[in-house]
Amino acid sequence: MNESKKITHDKVPNFIRSIILEDLEMGKNEGRVHTRFPPEPNGYLHIGHAKAICLNFGLAEEFGGLCNLRFDDTNPIKEEEAYIRAIQEDVKWLGFDWEDRLYYASDYFDQMADYAVQLIRAGKAYVDDMSSDEIREYRGTLKEPGKESLYRNRSVKENMDLFERMRAGEFRDGSRVLRAKIDMASGNLNMRDPVMYRILHAKHHRTGEKWCIYPLYDWAHGLEDSIESITHSICTLEFEDHRPLYDWFLDQLNIFHPQQIEFARLNLSFTVMSKRRLLELVRKKVVRGWDDPRMPTISGLRRRGYTPQSIRDFCERIGVAKRDSVVDMALLEHCVRNDLNQNAPRVMGVLHPLRVVIKNYPEEQVEEFDAPYFPDDPPRMGSRKVPFSREIYIEQADFQENPSKKYFRLAPSREVRLRWAYYVKCIHVVKDDKTGEIVEIHCTYDPETKGGWAPDGRKVKGTIHWVSASHALEAEVHLYDHLFAVSDPDNAEGETDWMSHLNPHSLEILKSCMVEPSLARAEPGNHYQFERQGYFCVDPDSSAEKLVFNRTVSLRDSWVKIEKANQGK
RNA sequence: UGGGGCGUCGUCAAGCGGAAAGACACAGGGUUUUGGACCCUGCAUUCGGAGGUUCGAAUCCUCCCGCCCCAGCCA
């Protein structure tokens, strides 16, 4: 294997690394680098989150710093305990460790309320009795300034009283809010007296019934980072114009001031990446769940057979910048192939079986061949025994009655090599009388070619995989394709909505595939290369009684190009 | 004449005044008991456009054009 192709390669320079390097040189934060990954537990993590995770944990690791895992659980009506567990599993699976630094925004609710009181005392926050509709109306528009609320100039004493009573549960949901008193004429809408607390009589998954007011993200997030002494608060682009607000809160409170840095979120071709949309796919049962192998979720990719290493490699390769972009799915596929090529043992499996009878092979005879798991490096994992007998299955696509141009697999009178076994030659084609469909092929084998070499030195153009009919294990194989038929479903042509671009062929279930007997020992999560076909992973639902494999990704196939060229002529 | 960002190969992306890295994709060729892997080769005289500064600009200045985000008591 070539060294340069190995997954560990030099880090790609990016602007965030530059900023940190600069900060370190200037002695900022006493040389500390402390980041965090702050998901809201309202859905499963996807590959876009993986980018953020790799960035935050990666930067901390690179600069000898720390990275926290913090659940941003400020909205109890959208968040669930189940998501918290799934998120932790995904981060761990990717190979990152938050050690003892697992935090929750809800742990800081008391502190946040104290800070709010400080702002009220300083005349920087007020309780507003207007309805949400009125508040929206008073906020103004993008081009016109807003108007000040009727309640903006209440006394500190009244604000204190009202806020305490909000907190005590005296008011109904939505009847009042606490707002920061900033500038209703600001060009930045975030500065037009943003809401800090809403009244929500909802049970929180961690604090239970303790609170009936909950902080909003804009008020809470900067505080969470400050409380944890985060030095570099890395987030996505859409929060860029919230930064002045976070800065304002931190300055008013005069507390530790993390530096926020924004980067462009990941978009991938042929899929969607927003949690809202992924949730919709799950709810409408377009997919079988968050971990459906077609989903760009971490759990979906895991079930599909992607490895943590391949995802981390991908995240390193795509780089980090500020411009909106859509990364080609082919790059992600390249990353798994690269990893699995080096790490997946080779086995044989026939997806679309075609029976072959070797007429001159003794009826009851069975031979066993040693087939290395890593043909390019035989000692690596040793080999397994592959039984061979008179009747075998080969791939339907490996036989053509009228071979097309440059086709060099089996065809009438043609000879090919059965991998690890013998040369066989096709002598007869058996067809169904009614349909004309090819049902069986008759061949002869050359006993002199055992192992795959002919003593007379004659060459054969094709080598095909096979499996002994009487020894084969039946298996179900799931083939996957892009979830969407267009590369950018969010911005596809026409007025149709994104769901209309779903790929109807994203899942194909093959029920009677035949795989070699060594796979009886395959366990869920195991990766294999089915030679000449692709990389496959044992599904969690697979069992000894019913083997189920997911195709992670096919092998690159230069034959399809030739085929297309042939058809073009 | 609201505010905030961004525009370098088909797709990502380095570059930070000394003269276009790399990866994926694509196209050729070699090699091969996986039409896989591996190995070569090719692939932006040009950096959204126009001016300007400079011996010298993708990098600095000016203007223009295009794209993205913001009017949740979501995050």
Side-chain angles (χ1 to χ4, degrees), chain A residues 1-2 5 9-10 12-14 18 38-40 42 72 74-75 77-78 128 130-132 135-137 139-146 173-179 185-192 194-200 213-214 216-218 220-221 235-244 262 264 269 275-276 317-335 337-338 341-342 346 348 375-376 406-409 417-421 451-453 459-465 487 529-534 554-563:
Chain A
M1 228 42 77
N2 183 295
K5 285 279 179 177
H9 45 70
D10 293 334
V12 179
N14 67 55
S18 308
E40 183 192 11
N42 68 342
D72 211 333
T74 57
N75 187 357
I77 54 184
K78 282 192 178 175
D128 196 336
M130 293 201 301
S131 69
S132 60
I135 289 179
R136 188 189 321 119
E137 221 179 289
R139 188 156 28 229
T141 68
L142 292 178
K143 295 191 176 178
E144 297 151 21
D173 286 4
S175 59
R176 274 173 243 261
V177 292
L178 182 71
R179 290 229 257 169
S186 173
N188 182 347
L189 302 223
N190 297 119
M191 302 299 271
R192 319 239 262 229
V195 175
M196 296 161 64
Y197 277 99
R198 77 279 221 180
I199 298 171
L200 219 54
I213 57 169
Y214 289 94
L216 273 88
Y217 180 89
D218 278 347
H221 200 83
C235 64
T236 44
L237 251 29
E238 69 270 26
F239 296 106
E240 206 145 22
D241 46 20
H242 293 235
R243 181 164 20 102
E262 308 85 8
S269 60
K275 269 197 212 174
R276 202 201 105 234
R317 286 178 192 242
I318 56 177
V320 182
K322 295 193 73 154
R323 77 182 77 112
D324 292 314
S325 61
V326 181
V327 175
D328 195 338
M329 182 69 94
L331 179 60
L332 218 209
E333 292 176 345
H334 166 82
C335 291
R337 285 196 187 102
N338 191 30
N341 176 46
Q342 295 169 64
R346 271 60 169 172
M348 293 193 286
D376 294 338
K406 289 187 188 167
Y407 182 85
F408 45 80
R409 279 115 88 166
R417 171 166 42 229
L418 294 178
R419 180 138 242 223
W420 312 123
W453 293 110
K459 294 268 196 318
V460 105
K461 272 198 262 178
T463 298
I464 64 175
H465 60 278
S487 71
Q529 183 196 102
F530 285 5
E531 290 203 65
R532 306 206 308 127
Q533 306 207 96
S554 67
L555 248 31
R556 292 187 67 209
D557 186 357
S558 54
W559 167 244
V560 294
K561 289 172 192 168
I562 298 170
E563 232 177 353

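Quick note on labels: first sequence line is chain A, next is B, and so on, each numbered from 1. Values reported hereafter were calculated over all heavy atoms of this structure, with side chains retained and with hydrogens, waters and symmetry mates removed.
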Nearest heavy-atom pair of [X] and [Y]: which atoms, and what distance?
{"X": "Arg192(A)", "Y": "Arg179(A)", "value": "O-NH1, 3.6 Å"}
{"X": "Ala220(A)", "Y": "Thr74(A)", "value": "CB-CG2, 4.1 Å"}
{"X": "Arg419(A)", "Y": "Pro375(A)", "value": "NH1-CG, 3.9 Å"}
{"X": "Thr141(A)", "Y": "Leu189(A)", "value": "O-CD2, 4.1 Å"}
{"X": "Ala185(A)", "Y": "Pro145(A)", "value": "CA-CB, 3.8 Å"}

[X] side chain: which of [options] is closest?
{"X": "Ser558(A)", "options": "G36(B), C24(B), C70(B)", "result": "G36(B)"}
{"X": "Leu142(A)", "options": "C70(B), A37(B), U34(B)", "result": "C70(B)"}
{"X": "Leu331(A)", "options": "G35(B), A23(B), A37(B)", "result": "A23(B)"}
{"X": "Asn188(A)", "options": "C6(B), G3(B), A37(B)", "result": "G3(B)"}
{"X": "Thr74(A)", "options": "G2(B), C24(B), A75(B)", "result": "A75(B)"}
{"X": "Lys561(A)", "options": "C26(B), A75(B), G5(B)", "result": "C26(B)"}
{"X": "Asn75(A)", "options": "C74(B), U34(B), G4(B)", "result": "C74(B)"}
{"X": "His334(A)", "options": "C12(B), A25(B), A75(B)", "result": "A25(B)"}
{"X": "Leu189(A)", "options": "C70(B), G36(B), C12(B)", "result": "C70(B)"}

Sugar-phosphate atoms are those with a prime plus P, OP1 and OP2; base atoms are the rest. Using that split, label each nucleotide of nucleotides 64-69 of chain B B, S or - for protein heavy atoms under 4.0 Å, 5' to 3'. ----SB
Any donor-acceptor pair under 3.5 Å joining the side chain of [X] to the base of [N]?
{"X": "Arg409(A)", "N": "G35(B)", "result": "yes"}
{"X": "Asn190(A)", "N": "G4(B)", "result": "no"}
{"X": "Gln529(A)", "N": "U34(B)", "result": "yes"}

Output yes when at least one side-chain N/O atom of [X] is less than 4.0 Å from OP1 or OP2 of [N], else no.
{"X": "Arg198(A)", "N": "A75(B)", "value": "yes"}
{"X": "Arg136(A)", "N": "G72(B)", "value": "yes"}
{"X": "Arg192(A)", "N": "G3(B)", "value": "no"}
{"X": "Arg317(A)", "N": "C12(B)", "value": "no"}

Using a heavy-atom cut-off of 4.0 Å across all strands, would you classify [X] as base, sugar-phosphate, or nothing?
{"X": "Val326(A)", "result": "sugar-phosphate"}
{"X": "Phe408(A)", "result": "base"}
{"X": "Ile135(A)", "result": "base"}
{"X": "Val177(A)", "result": "base"}
{"X": "Ile562(A)", "result": "base"}
{"X": "His465(A)", "result": "nothing"}
{"X": "Arg419(A)", "result": "base"}
{"X": "Arg417(A)", "result": "base"}
{"X": "Thr141(A)", "result": "base"}
{"X": "Met196(A)", "result": "nothing"}

Return yes if some donor-acceptor pair links the side-chain N/O of [X] with the main-chain N/O of [Y] below 3.5 Å, else return no.
{"X": "Asn188(A)", "Y": "Asp241(A)", "value": "yes"}
{"X": "Arg337(A)", "Y": "Ser554(A)", "value": "yes"}
{"X": "Ser269(A)", "Y": "Met329(A)", "value": "yes"}
{"X": "Arg346(A)", "Y": "Glu531(A)", "value": "no"}

Suppose you measure atom [atom1] in [N] against the same atom in [M]; what distance do you get, rounded to whole Å?
{"N": "U8(B)", "M": "C60(B)", "atom1": "P", "result": "15 Å"}
{"N": "U45(B)", "M": "C6(B)", "atom1": "P", "result": "26 Å"}
{"N": "C69(B)", "M": "A75(B)", "atom1": "C1'", "result": "15 Å"}
{"N": "C16(B)", "M": "A71(B)", "atom1": "C1'", "result": "37 Å"}
{"N": "U46(B)", "M": "G4(B)", "atom1": "C1'", "result": "31 Å"}
{"N": "C24(B)", "M": "A37(B)", "atom1": "P", "result": "11 Å"}
{"N": "U54(B)", "M": "G49(B)", "atom1": "P", "result": "23 Å"}
{"N": "A21(B)", "M": "C43(B)", "atom1": "P", "result": "11 Å"}

Can you tell me how far the [atom1] atom of [X] sits from the [atom2] atom of [Y], to the nearest 0.5 Å?
{"X": "Leu555(A)", "Y": "Asn341(A)", "atom1": "CG", "atom2": "CG", "answer": "8.0 Å"}
{"X": "Met348(A)", "Y": "Ile464(A)", "atom1": "CE", "atom2": "CD1", "answer": "10.0 Å"}
{"X": "Ile199(A)", "Y": "Leu178(A)", "atom1": "CD1", "atom2": "CG", "answer": "10.0 Å"}

Do Glu40(A) and Lys275(A) meet the salt-bridge criterion of a basic N to acidic O distance under 4.0 Å?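 Answer for the salt bridge query: no.
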Identified pairing partner of [N], criterion: Watson-Crick or G-U wobble below 3.5 Å:
{"N": "G2(B)", "answer": "C70(B)"}
{"N": "U54(B)", "answer": "none"}
{"N": "C38(B)", "answer": "G30(B)"}
{"N": "C43(B)", "answer": "none"}

Please give, in whole Å, the distance from [N] [atom2] to [X] [atom1]?
{"X": "Asn341(A)", "N": "G35(B)", "atom1": "CG", "atom2": "C1'", "result": "15 Å"}
{"X": "Met348(A)", "N": "G36(B)", "atom1": "CE", "atom2": "C1'", "result": "15 Å"}
{"X": "Leu332(A)", "N": "A23(B)", "atom1": "CG", "atom2": "C1'", "result": "14 Å"}

Please figure out whether Lys461(A) or Asp328(A) has its closest RNA chain B nucleotide nearer the 5' end.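 So the residue in question is Asp328(A).
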Of Leu555(A) and Trp453(A), the one whose closest nucleotide on RNA chain B sits nearer the 5' end is Trp453(A)
Using side chain to side chain donor-acceptor pair (under 3.5 Å) as the criterion, point out the one residue from Arg409(A), Arg417(A), Arg532(A) that pairs with Thr463(A).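 That would be Arg417(A); it is the only one of Arg409(A), Arg417(A), Arg532(A) passing the side chain to side chain donor-acceptor pair (under 3.5 Å) with Thr463(A).
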Quick one: which protein N/O atoms are closer than 3.5 Å to N/O atoms of nucleotides 14-16 of chain B? Pair and distance per line, please.
| unit_1 | atom_1 | unit_2 | atom_2 | d |
| --- | --- | --- | --- | --- |
| A14(B) | OP1 | Val320(A) | O | 3.3 |

G72(B) glycosidic torsion: syn (within 90° of 0) vs anti: syn
